[in-house]
K.L.:
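Sending over a structure as structure tokens; questions will come in a sec.
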Number of protein chains: 4
Amino acid sequence: MPSTLIDSAIFQGIFSSDEMRQVWSDENRTQKYLDIEAALARVQGRLGLIPQAAADEIVSHCRLEQIDMARLRAQTERIGYPVLGVVSQLNALCRDRLGEYCHWGATTQDITDTATVLQIREGLAIVERELVAISAALAKLAKTHRDTPMIGRSNLQQAVPVTFGYKMAGLLSAIERHRERLAQLKERVLVGEFAGAAGTLASLQTGALQTQAGLCAELGLKQPLIAWHTARDNIAEVGTFLGLVGGTLGKLSMDVKLMMQTEVGEVHEPYAHGRGSSSTMPQKRNPISSCYIHAAISVVRQQAAALLDAMVADHERSTGPWEIEWIVLPEAFCLMAGALKHSRHVLEGLEVDAQAMRRNIDLTHGLVMSEAVMMGLGPYIGRETAHDLVYDLCRQALQQRRPLLELLAAHPEINRHLDHAALARLCDPALYLGQSGAMVDRVLATLD
Amino acid sequence: MPSTLIDSAIFQGIFSSDEMRQVWSDENRTQKYLDIEAALARVQGRLGLIPQAAADEIVSHCRLEQIDMARLRAQTERIGYPVLGVVSQLNALCRDRLGEYCHWGATTQDITDTATVLQIREGLAIVERELVAISAALAKLAKTHRDTPMIGRSNLQQAVPVTFGYKMAGLLSAIERHRERLAQLKERVLVGEFAGAAGTLASLQTGALQTQAGLCAELGLKQPLIAWHTARDNIAEVGTFLGLVGGTLGKLSMDVKLMMQTEVGEVHEPYAHGRGSSSTMPQKRNPISSCYIHAAISVVRQQAAALLDAMVADHERSTGPWEIEWIVLPEAFCLMAGALKHSRHVLEGLEVDAQAMRRNIDLTHGLVMSEAVMMGLGPYIGRETAHDLVYDLCRQALQQRRPLLELLAAHPEINRHLDHAALARLCDPALYLGQSGAMVDRVLATLD
Amino acid sequence: MPSTLIDSAIFQGIFSSDEMRQVWSDENRTQKYLDIEAALARVQGRLGLIPQAAADEIVSHCRLEQIDMARLRAQTERIGYPVLGVVSQLNALCRDRLGEYCHWGATTQDITDTATVLQIREGLAIVERELVAISAALAKLAKTHRDTPMIGRSNLQQAVPVTFGYKMAGLLSAIERHRERLAQLKERVLVGEFAGAAGTLASLQTGALQTQAGLCAELGLKQPLIAWHTARDNIAEVGTFLGLVGGTLGKLSMDVKLMMQTEVGEVHEPYAHGRGSSSTMPQKRNPISSCYIHAAISVVRQQAAALLDAMVADHERSTGPWEIEWIVLPEAFCLMAGALKHSRHVLEGLEVDAQAMRRNIDLTHGLVMSEAVMMGLGPYIGRETAHDLVYDLCRQALQQRRPLLELLAAHPEINRHLDHAALARLCDPALYLGQSGAMVDRVLATLD
Amino acid sequence: MPSTLIDSAIFQGIFSSDEMRQVWSDENRTQKYLDIEAALARVQGRLGLIPQAAADEIVSHCRLEQIDMARLRAQTERIGYPVLGVVSQLNALCRDRLGEYCHWGATTQDITDTATVLQIREGLAIVERELVAISAALAKLAKTHRDTPMIGRSNLQQAVPVTFGYKMAGLLSAIERHRERLAQLKERVLVGEFAGAAGTLASLQTGALQTQAGLCAELGLKQPLIAWHTARDNIAEVGTFLGLVGGTLGKLSMDVKLMMQTEVGEVHEPYAHGRGSSSTMPQKRNPISSCYIHAAISVVRQQAAALLDAMVADHERSTGPWEIEWIVLPEAFCLMAGALKHSRHVLEGLEVDAQAMRRNIDLTHGLVMSEAVMMGLGPYIGRETAHDLVYDLCRQALQQRRPLLELLAAHPEINRHLDHAALARLCDPALYLGQSGAMVDRVLATLD
């Protein structure tokens with residue numbers, strides 16, 4: 001009986017993805033605890049800190065199916081944290097009290113934090129794979145539509161022409177920066193935690209840092225310089241990274257929503273029968289994936305703030321702030337998995353209507369070419385004078401619903417410098433795409 | 001395989017409550033859809049808008065066990081919303097195509113919004129019950145400890161004495177204001193939605209507003225003046241209300257955490273064997289409920305902001321903002337249920353150590369009485385002069401670790417006005433509790 | 001040399017208003033301190049707690065022009081709070097050390113909190129006046145355009161017709177709820193603070209609660225039941241209230257922005273020469289006020305969360321959380337003043353283009369009437385069958401760019417039930433406005 | 001008459017710093033516009049795109065003192081943005097209409113964005129300098145107190161001993177990571193913007209990308225691959241970076257506040273006469289800088305969320321989201337400058353009371369050594385058995401207020417394995433500091 005939309009039997013496939021939900025599941029979390037306890041036992045056996053027989057026995061029981069999850073729930077509600085319950089069950093599974101050597105020198109948070117880092121590693125791998133796919137889809141759209149003219153919009157007003165490929169390349173450049181950020185933060189975040197009650201490893205009289213080094217090596221993580229039980233910048237950075245990626249997906253979904261408006265109709269989310277249909281308005285083509293992206297990333301943005309809040313930890317092990325991470329981190333990853341999945345779906349199957357794009361350019365009978373005209377007139381009558389003159393003619397064109405070209409050609413201050421043919425060239429959108437193509441090429445050139 | 005802590009098989013009892021999770025479950029949400037469809041059919045049958053036989057047939061199938069939830073998930077993932085799937089299943093269940101009269105004139109959002117309001121009503125009832133219980137627990141503590149002296153603290157510095165009852169009464173007054181807020185917002189929020197595709201009820205050529213009125217009456221909700229599909233202030237207000245309640249619980253948990261510090265030890269969360277114990281430090285008594293409260297309300301605060309964000313809806317039915325509510329509202333209620341449960345648990349079983357409170361008052365050998373002394377000296381030498389003089393003597397007392405009384409009695413500018421006995425009275429904390437008791441009484445007097 | 005946009009010499013008129021900035025100015029805040037000290041002296045003189053001569057002398061100096069603001073800055077930076085500096089200057093201004101009776105029994109936070117409440121009262125008065133004006137402007141638009149058809153939009157897709165008056169009435173109903181909220185919260189918030197160091201008023205051995213009562217009466221505030229130094233729900237509620245109002249203004253600005261799109265053109269912000277013009281695109285008509293509204297309320301939403309954070313106060317006087325309010329509260333009011341000013345400006349001068357609205361309804365050659373058709377067919381062939389049939393015909397109409405009416409009239413399953421004339425009636429938007437007008441009337445009827 | 005605390009004549013030195021306020025002042029912003037226009041003219045003169053005489057004339061007037069700020073305010077309020085006003089004034093200053101060549105090919109946002117990047121560069125330089133100073137102060141404290149024992153605390157309970165140097169080294173490691181983040185993000189953020197109305201540079205028929213390259217080189221910025229008018233990840237990343245730094249400063253301030261508690265007294269903020277004093281309680285030593293840090297970073301955390309919100313930009317130039325940055329970015333930098341200044345002040349002058357630290361270790365008569373005892377007993381009786389045994393003895397020690405050592409020595413299951421001397425060694429905190437020193441050394445070794 002799930003109560004969150006992320007876990008809802010009805011909605012889980014919409015607001016998250018099965019694979020990401022698996023990463024943050026009770027099962028995976030608990031298995032990570034066991035993986036860490038097993039790695040710890042192996043390392044400490046090897047270092048001679050615990051008997052090799054104990055290490056072997058412990059390792060042999062570090063399998064999820066041996067854990068009684070119902071009992072673990074009861075233990076967790078009693079104690080407040082699940083690690084001690086897992087350790088206690090593990091201990092009980094071992095013969096000859098060898099299980100007493102399990103968890104040797106560790107504290108609850110060591111296991112919890114390291115498990116979280118292992119989950120983050122899996123979560124970020126999914127994020128990375130989706131970013132790569134989104135990048136590829138954007139690159140393909142940018143390449144295909146490098147020269148497909150559409151109107152550029154500023155303040156939701158038609159401005160000057162761009163190309164659809166240019167629009168995609170702008171998004172692509174942001175996605176590539178996110179991949180760079182991801183590579184950089186993984187170096188900081190994928191670090192183990194093994195530090196004992198107050199982080200000093202006093203619990204191990206010998207072999208403390210060797211155990212720490214060995215444990216991290218076993219798990220494929222970096223060894224920390226010092227305990228980070230209450231230095232949570234890395235975890236928060238993961239949150240802000242997801243927030244930043246979300247921002248870019250939000251911009252994508254905003255543009256798709258706007259371009260899918262009935263009055264605009266330049267792109268459509270991939271069609272599937274019934275998809276995005278309304279119970280009462282059969283003609284509609286709802287930007288349904290974009291809605292989900294918008295909602296998910298709006299929530300992740302606030303979760304990033306919550307993770308910044310969790311940094312304000314007290315002393316050596318914090319009293320409340322840490323648990324903020326417990327709540328927020330899984331959800332932020334799950335929601336982002338949904339947003340990434342929808343974004344990839346939209347981009348990989350996007351229906352691009354080049355004809356509608358062209359139709360929209362022509363909607364204003366030339367007004368969108370006013371900048372071109374102004375720049376073309378500038379050398380003759382000065383940029384600002386041209387600006388004021390064209391500004392006035394545009395208002396006339398709007399009021400009288402006449403093509404701008406007509407008014408330009410009729411104006412004595414203008415036709416003295418430029419004849420009708422020259423003015424017509426200034427008014428041709430296909431000749432005013434600027435560096436759209438070149439910029440697309442610049443972005444594409446940076447891809448591996 | 002839940003992935004959120006709220007639904008986690010391990011953590012669900014810690015971060016939420018079963019009853020609140022039930023309110024926001026797939027089952028309850030779907031049942032609410034059915035309740036609304038049934039009510040709609042009843043009303044429209046009664047008004048003669050649909051055949052009575054159809055109404056009867058529809059009503060007879062509005063039971064959750066008739067819905068195929070797996071199919072509903074598939075329908076939802078295809079369409080994007082579950083309501084159409086429920087309607088379609090309901091339709092199929094009815095004999096003789098009478099199910100075609102189901103959902104008559106309604107749009108997806110009508111059913112979803114009204115269901116949400118019904119869930120909010122159940123959720124708020126739990127919140128209200130918990131507030132009442134917390135209020136009672138606080139009132140009892142305030143009454144019992146009306147005159148139990150403890151040190152008041154300002155900027156985490158010992159300031160002047162207060163009573164523990166006074167401290168509880170301050171929280172109580174805030175809880176009572178929350179109850180007032182709740183009563184006021186229920187008047188605004190418990191309103192049905194039945195408005196059709198764009199809110200105009202054009203879908204019903206006759207009996208539109210009568211149907212709306214009848215449906216709301218059936219469900220025990222108020223009839224709206226106008227569609228609120230994209231006027232979401234009421235939903236957001238529920239979120240900010242939960243945030244406000246959370247703020248007060250956060251203050252409570254902060255004080256409990258601080259008073260439970262090893263160095264302070266004035267109160268303790270109720271003891272349960274193993275509760276809040278550490279895997280390595282058996283002496284500890286962790287403020288475990290306070291941790292959960294702190295974390296939950298920190299997240300709810302951000303969820304309140306997300307619900308404000310959801311208000312920025314476009315046109316008649318919004319494109320993404322609405323779905324923010326879907327994600328956030330259930331979680332905010334679930335987390336608050338956890339925070340309220342822990343708060344109530346803490347307050348109903350709080351261990352109050354009056355001796356430790358008294359010990360802490362005496363910790364500074366009288367410095368905390370400096371204000372009393374200053375005010376006592378004021379009439380003789382002026383308030384500001386007294387302030388400066390006592391300020392200097394306090395610094396001497398701190399440096400020389402001597403009781404303030406000793407230094408006061410030895411000072412010629414002071415002992416000329418007040419003898420040792422008078423100064424000793426000024427230094428007695430039990431005589432400097434001010435209006436603590438009277439304020440407790442004032443707050444208690446407002447309770448029903 | 002201001003650094004914030006709110007105080008910027010260039011931007012201050014855009015992002016706030018002079019009158020609201022005045023409310024939160026150094027001058028007004030300091031004057032409020034003086035007003036409170038004067039009121040306190042008057043009350044305590046009257047009660048005989050301080051000599052009447054002292055009261056008179058103190059009152060005579062409680063004028064802003066007597067305060068040396070440069071010295072106050074130095075004092076504040078040294079002490080950390082300005083109140084003590086003001087008291088010290090006031091004391092020095094008084095003859096014969098009578099100033100020593102100033103601030104009698106008060107603590108810094110008493111003066112600061114009460115001053116804040118007085119500023120909130122002034123700030124809320126401005127908010128209320130603007131809400132009243134916005135309400136009037138919306139009512140006028142709702143009345144004028146009660147029957148002006150425009151297309152309703154759902155998921156940014158054209159849905160079914162509504163009227164522009166209906167759209168305005170929806171906003172109006174939200175504004176009216178905000179006015180109700182405001183009236184209710186003023187009862188809670190406009191409460192004085194006078195409680196002494198730890199809130200117990202121990203500083204006054206006699207006349208404590210009488211002084212408190214008298215001071216509040218002098219200032220026109222309610223007397224608190226108990227100190228609220230660290231019960232900050234009221235202050236936070238002001239923040240969430242501003243956030244809620246902001247949400248509605250955000251929805252307004254979203255709709256205006258969307259309706260002002262070049263491709264839509266249904267309304268325009270009031271025209272002023274050069275207003276919203278671009279440096280390079282003279283043809284544009286930017287929704288410039290809507291941009292400012294959007295930005296301001298997006299920030300206020302986060303400020304509401306910050307004020308909820310400020311509630312997590314420790315003990316009797318908090319250590320950091322309180323200062324969050326200092327920073328955030330003035331800015332939230334200032335930004336909201338800007339957002340309200342722009343909203344009022346937009347609504348009072350909104351250019352409504354009923355012709356463009358009609359043109360947009362006709363854009364899809366009848367597809368937006370599909371619900372009407374479906375509901376009209378329902379009685380003959382069943383609602384769901386009608387839905388599926390019309391859904392398919394709509395897709396055909398879209399693909400073949402043919403009017404829906406044509407396809408309907410040609411379909412044998414349809415024309416057997418409804419002839420061309422009947423189908424044409426179903427396709428007439430002016431006949432499918434539903435309860436738009438009635439709902440407008442319902443909302444208008446609630447206005448005073 | 002400033003209304004924000006940042007610009008307040010009274011508070012500006014507390015909540016920000018003069019140098020950071022100068023970075024975001026009207027004057028500096030406007031000067032940056034002029035610097036960019038000058039650089040643009042120089043580059044375009046050199047490239048032959050505008051007459052060299054025009055370039056020279058324009059450059060000669062790009063000085064702030066030639067700009068009429070009052071007129072600029074009026075222009076800005078009329079147009080909505082200040083750049084056009086500056087260009088218009090600049091144009092008017094130039095002889096022979098040469099000013100018409102100013103702003104050639106640029107759009108308002110090009111100048112605004114590039115100015116913002118230049119301001120960010122100055123702002124980040126201040127942040128970096130403060131981080132370096134904080135790092136040095138932390139390193140010094142870590143080195144000096146490498147072996148100064150204090151109690152480590154977990155869940156605000158005394159746990160096991162650490163050293164004060166260890167505590168500082170943990171913070172230091174976080175600060176060093178922030179410096180790494182800063183170096184990485186500067187590579188992304190310090191990029192110019194010059195792209196024209198919709199980002200395609202269509203405004204320049206020749207020399208477009210050369211102008212862009214030259215302009216960026218002139219300003220010491222990197223050339224963008226493509227316009228970033230609506231790809232705002234870099235700006236938002238600056239916000240999240242400030243939020244992350246704030247989190248660490250928040251943790252610092254939290255620890256200082258807690259250690260300064262009257263009952264703890266282990267460190268004190270640097271003393272200055274009157275600093276942090278109360279108007280009524282002369283004995284207090286308020287953690288006044290920590291309060292300001294706490295408040296500032298709590299606000300910055302929400303500002304980071306607002307900047308993530310600003311990423312959801314529409315099309316080629318956004319309609320509202322961009323202005324969120326205008327409001328938030330200056331404030332986030334200003335508040336962080338205050339928080340950094342206070343943090344540095346606290347750390348450079350921190351009073352560390354090693355005696356009080358030792359006294360607190362001994363407060364529990366040995367209970368804090370329970371982990372040591374448990375680990376010492378583990379090899380004899382098993383870790384978990386030892387845990388349960390010691391856990392019970394600790395509760396006895398607490399109830400009977402007897403030293404743990406006494407109970408241990410009297411217990412038959414224990415004294416059979418370890419004699420009194422061995423147990424005493426287990427109970428000596430100075431022998432249980434674990435890797436505190438080694439971890440300090442590891443962190444210090446990474447510093448340049």
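All of these numbers come straight from a predicted model, not from anything done at the bench. Every chain is numbered from 1, with letters handed out A, B, ... down the list of sequences.
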K.L.:
Grab the two heavy atoms, one from C:Gly152 and one from B:Glu316, that are nearest each other, plus how far apart they are.
P.N.:
CA-OE1, 3.2 Å

K.L.:
Would you say that C:Gln223 contacts B:Arg442 through its side chain, given a criterion of any heavy-atom pair below 4.5 Å between the two side chains?
P.N.:
yes

K.L.:
Using every non-hydrogen atom in the two residues, find where C:Ala236 and B:Leu244 come nearest and quote the distance to one decimal.
P.N.:
CB-CD2, 3.5 Å

K.L.:
Give the member of B:Leu204, B:Leu225, B:Leu209 that has the highest number of heavy-atom pairs under 4.5 Å with chain C.
P.N.:
B:Leu225

K.L.:
Search all heavy atoms of C:Gly170 against all heavy atoms of B:Ile226 and return the closest pair with its distance.
P.N.:
N-CD1, 3.5 Å

K.L.:
Picking from C:Leu249, C:Val312, C:Thr240, which has the most non-hydrogen pairs under 4.5 angstrom with chain B?
P.N.:
C:Val312

K.L.:
How far does CH2 of B:Trp322 sit from OG of C:Ser154, to the nearest 0.5 angstrom?
P.N.:
9.0 Å

K.L.:
Go through the atoms of C:Arg181 and report whether side chain, backbone, both or neither lie under 4.5 Å from a heavy atom of chain B.
P.N.:
both

K.L.:
If I measure from the heavy atoms of chain B, does C:His178 come under 4.5 Å with its side chain, its backbone, both, or neither?
P.N.:
side chain

K.L.:
How close do C:Met375 and B:Gly105 get, heavy atom to heavy atom, and via which atoms?
P.N.:
CE-N, 3.8 Å

K.L.:
Would you mind checking which part of C:Ala438 comes under 4.5 Å of any heavy atom in chain B, side chain (CB onward), backbone (N, CA, C, O), both or neither?
P.N.:
side chain

K.L.:
Among B:Gly250, B:Ser253, B:Gly199, B:Gly320, single out the residue with the greatest number of heavy-atom pairs under 4.5 Å to chain C.
P.N.:
B:Gly199

K.L.:
B:Arg188 and C:Glu180: side chain to side chain contact (heavy atoms under 4.5 Å, CB included), yes or no, with the steps?
P.N.:
CA-CA 10 Å; B:Arg188 281 184 288 272; C:Glu180 183 181 285; 2.7 Å; yes

K.L.:
What residue in C:Thr163, C:Leu431, C:Asn234, C:Val440 has the most heavy-atom pairs under 4.5 Å with chain B?
P.N.:
C:Asn234

K.L.:
For B:Ala305, which atoms come within 4.5 Å of any heavy atom of chain C: side chain, backbone, both, or neither?
P.N.:
both

K.L.:
Take B:Gln157 and C:Arg317 through the side chain to side chain donor-acceptor pair (under 3.5 Å) test and state the conclusion after the steps.
P.N.:
CA-CA 9 Å; B:Gln157 301 292 298; C:Arg317 307 266 300 283; over 6 Å; no

K.L.:
Surrounding CD of C:Gln210 (heavy atoms of other residues, nucleotides or ligands, distance under 6.0 Å), is the total greater than 12?
P.N.:
yes

K.L.:
Are the charged groups of B:Arg153 and C:Asp314 less than 4.0 angstrom apart, N to O?
P.N.:
no

K.L.:
Can you name the closest pair of heavy atoms from B:Met439 and C:Ala227 and give their distance?
P.N.:
SD-N, 4.0 Å

K.L.:
Tell me which of these, B:Leu171, B:Leu308, B:Leu201, has more heavy-atom pairs under 4.5 Å with chain C than the rest.
P.N.:
B:Leu308

K.L.:
Using non-hydrogen atoms and a 4.5 Å limit, figure out which bit of C:Ile297 sits close to chain B: side chain, backbone, both or neither.
P.N.:
side chain

K.L.:
For residues B:Ala198 and C:Val160, report the shortest heavy-atom separation together with the two atoms involved.
P.N.:
CB-CG2, 3.5 Å

K.L.:
Under 4.5 Å heavy-atom distance to chain B, tell me which part of C:Gln303 shows up: side chain, backbone, both or neither.
P.N.:
neither

K.L.:
Quick one: list whatever passes salt bridge (Lys or Arg N to Asp or Glu O under 4.0 Å) with B:Lys257, sequence neighbours left out.
P.N.:
none

K.L.:
Are the side chain of C:Lys251 and the backbone N or O of B:Met311 linked by a donor-acceptor pair below 3.5 Å?
P.N.:
no

K.L.:
Looking at residues at least two apart in the chain, or sitting in another chain, which of them share a ring-ring contact (aromatic ring centres under 6.0 Å, His included) with B:Tyr101?
P.N.:
B:Trp104

K.L.:
Counting only non-hydrogen atoms closer than 4.5 Å, does C:Thr385 touch chain B with its backbone (N, CA, C, O), its side chain (CB onward), both, or neither?
P.N.:
both

K.L.:
Using heavy-atom distances under 4.5 Å, tell me whether B:Met254 contacts chain C through its side chain, its backbone, both, or neither.
P.N.:
side chain

K.L.:
Roughly how far, to the nearest 0.5 Å, is the CD1 atom of B:Ile151 from the NE2 atom of C:His315?
P.N.:
10.5 Å

K.L.:
Given heavy-atom pairs under 4.5 angstrom as the criterion, report whether the side chain, backbone, both or neither of C:Pro321 touches chain B.
P.N.:
neither

K.L.:
Which bit of C:Ile175 is near chain B, if near means a heavy-atom gap under 4.5 Å: side chain, backbone, both or neither?
P.N.:
neither

K.L.:
Using non-hydrogen atoms and a 4.5 Å limit, figure out which bit of C:Ser173 sits close to chain B: side chain, backbone, both or neither.
P.N.:
side chain

K.L.:
If we define contacts as heavy-atom pairs under 4.5 Å, which of B:Val443, B:Leu307, B:Thr248, B:Asp233 has the most with chain C?
P.N.:
B:Asp233

K.L.:
With a 4.5 angstrom heavy-atom cut-off, is it the side chain or the backbone of C:Asp309 that approaches chain B, or both, or neither?
P.N.:
both

K.L.:
By a 4.5 Å heavy-atom criterion (distance strictly below it), what part of C:Thr230 contacts chain B: side chain, backbone, both, or neither?
P.N.:
both

K.L.:
In terms of heavy-atom pairs under 4.5 Å, which option from B:Gly382, B:Ala195, B:Gly99 contacts chain C the most?
P.N.:
B:Gly382

K.L.:
Quick check against the 3.5 Å criterion: does B:Thr200 have a side-chain atom that pairs as donor or acceptor with the backbone of C:Val162?
P.N.:
no

K.L.:
Give, as side chain, backbone, both or neither, the part of C:Leu433 having an atom under 4.5 angstrom from any heavy atom of chain B.
P.N.:
backbone

K.L.:
For the pair B:Arg177 and C:Glu237, find out whether any cationic side-chain nitrogen is under 4.0 Å from an anionic carboxylate oxygen.
P.N.:
no

K.L.:
Please classify the contact between B:Asp441 and chain C as side chain, backbone, both or neither, with a heavy-atom cut-off of under 4.5 Å.
P.N.:
neither

K.L.:
Among the options B:Leu258, B:Leu172, B:Leu98, pick out the one with the most heavy-atom pairs lying under 4.5 Å from chain C.
P.N.:
B:Leu258

K.L.:
Measure distances from C:Arg301 to the heavy atoms of chain B and classify the residue's part below 4.5 Å as side chain, backbone, both or neither.
P.N.:
both

K.L.:
Which atoms of C:Ser88 are under 4.5 Å from chain B, going by heavy atoms: the side chain, the backbone, both sets, or neither?
P.N.:
both

K.L.:
Could you grab the distance from atom OG of C:Ser318 to atom CG of B:Leu156, nearest 0.5 Å is fine?
P.N.:
9.0 Å

K.L.:
Please state whether the side chain, the backbone, both or neither of B:Gln109 comes within less than 4.5 Å of a heavy atom of chain C.
P.N.:
neither

